[in-house]
Amino acid sequence: MTRDLRMRWLTPALALLLAVGLSACNSFTPNTIFGAHSEFGHSVDLLTRRLLYLGIGVFILVEGLLVFILVKFRDNDGTREAQQIHGNTTLEIGWTLVPAVILAFIAVPTIETIFKTQAKAVPNALQVEVIGHQWWWEFRYPQFGVITANELYLPVGRTANFALTTKDVLHSFWVPQLNGKRDLISNHTNYIWFTPDSSFAWNGFCAEYCGTSHANMRFKVFTVTPAEFDAWVAHQKTNAVGSAPPPAAGDSAKPGAAPAVLSVATSTGASTPAGKDAKAPVATPVMSVADTSSSTYPRTKLPEWVIPKTPIPAELTFDQNAEGDVARGATLFKTAPCIACHTIRGVPTAAGIVGPNLTHVGSRTTIAGGLYPNDLKHLELWIKNAPAMKPGSLMPLFGKAEKGATPGVYTDQQIADLAAYLSSLK
Ligand code: CUA
């Protein structure tokens with residue numbers, strides 16, 4: 001290759017390298033591992049840096065010596081034979097000892113960090129049980145009797161101790177900016193703990209291939225102030241809003257007796273309570289969405305990247321004229337197949353444990369294991385045809401047959417009612 005030709009390639013090659021390099025620091029990367037926000041993250045960060053700097057030192061030393069020797073002892077004629085040093089005890093001890101010492105420098109802090117971050121329990125920690133399912137996350141707070149799914153709330157500054165297990169296959173719990181990964185293994189509990197240092201909304205992932213929708217097994221972590229956390233817990237402990245049994249006639253004036261039915265986006269704001277006789281004159285307190293938002297991470301503060309933008313499968317359609325009714329949905333839900341798999345506290349018939357606990361599903365930001373935003377449109381399509389929305393979904397299809405699909409049981413109108421009801425469970 002002539003010098004000219006070489007120069008012709010060098011410039012574009014350097015430009016490409018520069019472009020690739022600069023694009024790496026282009027924008028905010030929410031899922032980076034290089035931005036620790038817990039002491040777990042900091043200790044892993046520190047370890048990574050130590051090892052990186054040590055590695056750079058060794059690299060420079062070795063390569064420097066190599067280049068120095070190559071230049072200094074260059075044999076231009078190619079006639080001399082290099083000096084043979086086989087059997088030099090001093091040298092052999094030297095090149096055995098030096099790597100051993102270097103490895104010790106790597107091993108000691110590494111093992112120390114592994115043991116420190118695998119400690120089973122931290123005294124006074126917030127206890128959280130993490131249970132992996134294909135393909136969603138169950139979170140239990142045994143100290144408070146709260147069970148939720150796909151969204152974790154953690155108080156800033158308090159250590160959270162996670163006990164990890166799985167209901168089916170291997171999964172791995174990972175919130176890139178808060179902690180390292182830890183596997184969820186059947187018949188064995190793994191532990192991990194960390195203390196969030198700042199208030200924010202974080203993305204979490206399954207980091208162990210677990211089947212068709214492994215990449216669709218996501219969750220959110222909302223780190224909030226201790227007071228906000230207490231408010232969230234207090235709210236999560238309550239029965240589902242709008243799901244309480246309808247008050248008997250004349251009971252409606254009793255404080256707390258009437259169910260507070262949330263008006264959802266599509267309803268008129270004057271919902272009737274759940275019950276067979278929707279005409280009964282009941283003074284139903286209608287809460288606005290803002291009333292419960294004090295206990296959840298404020299929607300206005302949600303970073304844009306927290307809400308998934310998963311495209312809806314093109315073949316899925318929904319009757320645009322079907323307007324959901326909370327009361328009708330509540331009545332329908334009580335005997336719907338949904339109750340075989342889902343629990344809604346306050347609805348006696350709904351006690352299934354195969355699927356996510358839906359007691360406050362309306363207060364969550366996402367559905368379907370973090371795959372779609374939690375709004376009526378996505379919820380309706382999800383109920384209608386979950387397997388089309390999420391490959392391998394264990395939740396079956398419930399929409400009535402459309403273009404040769406397996407027949408489900410519900411019309412779009414019924415599904416709209418169910419979705420309106422579920423959305424009202426803030
Ligand atoms: Cu669960 Cu991958």
Side-chain angles (χ1 to χ4, degrees), residues 29-33 38 40-41 44 114 117-118 127-142 146-154 160-194 201-223 305-311 313 341-343 352-358 361 364-374 378 382 385-397:
T29 44
N31 304 322
T32 178
I33 54 164
S38 71
F40 184 114
V44 173
I114 289 173
T117 56
Q118 277 196 349
Q127 304 294 332
V128 183
E129 293 167 9
V130 178
I131 303 163
H133 297 258
Q134 280 177 320
W135 289 272
W136 58 280
W137 300 85
E138 182 173 349
F139 299 120
R140 295 170 175 245
Y141 294 75
V146 166
I147 300 174
T148 184
N150 303 322
E151 300 202 346
L152 258 179
Y153 275 74
L154 300 173
N161 188 68
F162 299 90
L164 315 165
T165 53
T166 172
K167 273 279 182 286
D168 36 56
V169 298
L170 286 183
H171 304 276
S172 186
F173 177 79
W174 187 37
V175 194
Q177 298 215 50
L178 291 177
N179 68 307
K181 296 169 190 156
R182 192 127 308 155
D183 283 4
L184 284 66
I185 301 169
S186 42
N187 300 322
H188 175 80
T189 304
N190 271 344
Y191 296 92
I192 192 170
W193 60 264
F194 58 82
W202 316 94
N203 283 334
F205 304 91
C206 179
E208 174 85 38
Y209 182 71
C210 54
T212 314
S213 263
H214 155 68
N216 303 327
M217 184 172 168
R218 314 170 193 169
F219 61 102
K220 308 283 167 211
V221 182
F222 298 106
T223 47
W305 44 265
V306 164
I307 300 301
K309 297 182 186 68
T310 316
C341 296
H342 297 285
T343 291
I353 52 165
V354 178
N357 186 305
L358 299 180
V361 64
R364 297 174 197 157
T365 57
T366 60
I367 56 166
L371 190 55
Y372 293 101
N374 186 7
H378 288 92
W382 176 249
N385 194 341
M389 293 281 276
K390 183 168 176 171
S393 162
L394 297 185
M395 173 156 149
L397 167 157

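Remember, it's 1-based here, ligands and their atoms both numbered in the order they're listed. All values derive from a computational prediction rather than experimental measurement.
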Quiz prompt | Atom name, His171 (N, O or S, nearest to atom 1 (Cu) of ligand 1) | solution = ND1
Quiz item: For Ser172 and Asp183, does a side-chain donor sit closer than 3.5 Å to a side-chain acceptor?
Solution: yes
Practice problem: Of all N, O or S atoms in Glu208, identify the one at the shortest distance from atom 2 (Cu) of ligand 1. | Solution: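 This residue's closest N, O or S atom turns out to be O.
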Exercise. Please state whether the rings of Phe173 and Phe139 are parallel, tilted or perpendicular, taking 30° and 60° as the class boundaries.
Key: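 Plane angle over 60°, so perpendicular.
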Quiz item: Is any side-chain heavy atom of Asn31 closer than 4.5 Å to a side-chain heavy atom of Phe205?
Solution: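 A side-chain contact exists here, since the closest heavy-atom pair is under 4.5 Å.
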Practice problem: Working to the nearest 0.5 Å, report the span between CD1 of Ile147 and CG of Leu358. | Solution: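 Atom-to-atom, Ile147:CD1 and Leu358:CG are 12.0 Å apart.
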Practice problem: Work out the angle at atom 1 (Cu) of ligand 1 between SD of Met217 and SG of Cys210, rounded to 10°. | Solution: 110°
Quiz prompt | Heteroatom test (N, O or S) for Ser172 near atom 1 (Cu) of ligand 1, limit 2.8 Å | solution = no
Quiz item: Quick check: does His214 put an N/O/S atom under 2.8 Å from atom 1 (Cu) of ligand 1?
Solution: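 His214 does not place any N, O or S atom closer than 2.8 Å to atom 1 (Cu) of ligand 1.
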Exercise. Could you list the residues that satisfy side chain to side chain contact (heavy atoms under 4.5 Å, CB included) with His214, not counting sequence neighbours?
Key: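 Residues passing side chain to side chain contact (heavy atoms under 4.5 Å, CB included) with His214: Cys206, Tyr209, Cys210.
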